[in-house]
Amino acid sequence: TRGTLMLRGYQWAELLGILFLHASTATQIFCVEPLKREIEWRLAAFSIQQVGQIQADATLTNRVALLTAMNADSAAIGEAEAARAKLKERFETADANVANYVIDKEWIENALQVTVMVLFALGSLLAGFGRAMELVAAKRE
């Protein structure tokens with residue numbers, strides 16, 4: 001035998017497996033979860049924004065209707081309609097920005113999830129193999 005501090009191949013496999021398990025956990029904690037949280041926050045903000053958009057559109061539509069019912073100046077009605085159109089355009093841009101962000105990050109989240117699963121699977125196999133070989137070696141002695 002070599003020195004007592006030298007590790008056998010299966011012990012290296014077990015050690016590497018444990019490192020893969022830790023890497024899997026770290027990837028989940030430090031990469032996947034923050035990305036998921038950010039996406040969830042943006043979607044929550046998007047939902048709140050949608051409610052605000054509906055309320056603002058209803059308010060501006062009512063304004064146009066009231067101005068029309070009061071036979072207001074056509075310039076005032078045009079101004080209210082322009083404000084409503086500007087608001088709708090601004091919200092459409094914001095909606096597209098949120099959708100683009102979620103679409104852009106979806107493949108990253110999927111790739112990270114696959115990485116976590118692969119690291120966990122390899123780590124489990126290597127640690128299990130190392131432990132099994134350790135038991136076999138113990139029975140031989």
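Note that this is a predicted model, so its numbers are computed, not measured. As a basis for the values below, the full set of heavy atoms in this structure was taken, side chains included, without hydrogen atoms, waters or symmetry mates.
To the nearest 0.5 Å, atom NZ of residue K86 and atom CD of residue E81 are 16.0 Å apart. Rounding to the nearest 0.5 angstrom, the gap separating the CZ atom in R63 from the OG1 atom in T68 is 11.0 Å. With rounding to the nearest 0.5 angstrom, the CZ atom of F46 is 11.0 Å from the CZ atom of F91. In this structure, OG1 on T61 lies 11.0 Å from CG on L66, to the nearest 0.5 angstrom. In this structure, L67 CG and N62 CG are separated by 11.0 Å, a value rounded to the nearest 0.5 Å. To the nearest 0.5 Å, atoms CD1 (I54) and CD (Q49) are separated by 11.0 Å.
V114 pairs by the side-chain contact (heavy atoms from CB on, under 4.5 Å) definition with M117, V118, not counting sequence neighbours.
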Under 3.5 Å, sequence neighbours excluded: what are the donor-acceptor pairs made by side chains of residues 13-25?
from : atom 1 : to   : atom 2 : distance (Å)
E14  : OE2    : R131 : NE     : 3.4
E14  : OE2    : R131 : NH2    : 2.7
S24  : OG     : V116 : O      : 3.1
T25  : OG1    : L21  : O      : 3.1

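Of all heavy-atom pairs between A72 and I77, the closest is O-CD1, 3.8 Å. Among all heavy-atom pairs drawn from I39 and K105, the shortest one is CD1-CB, 3.9 Å. The nearest pair of heavy atoms linking R42 to V98 is O-CG1, 4.2 Å.
Listed for the E38 side chain is no donor-acceptor partner under 3.5 Å among the backbone atoms of L35. Between the side chain of S47 and the main chain of L43, no donor-acceptor pair closer than 3.5 Å is present. For D57 (side chain) and Q53 (main-chain N/O), no donor-acceptor pair under 3.5 Å exists by modelled atom type.
Checked options N110, D104, I108; the residue passing with E106 is N110 (criterion: side chain to side chain contact (heavy atoms under 4.5 Å, CB included)).
Within 6.0 Å of OH on Y101 lie more than 12 heavy atoms contributed by other residues, nucleotides or ligands. Atom CD of E79 has 12 or fewer neighbouring heavy atoms from other residues, nucleotides or ligands inside a 6.0 Å radius.
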Practice task
Kindly indicate, with the supporting measurements, whether the criterion side chain to side chain contact (heavy atoms under 4.5 Å, CB included) is fulfilled by Q28 and Q113.
Solution key: CA-CA 8 Å; Q28 183 73 30; Q113 288 288 8; 3.7 Å; yes

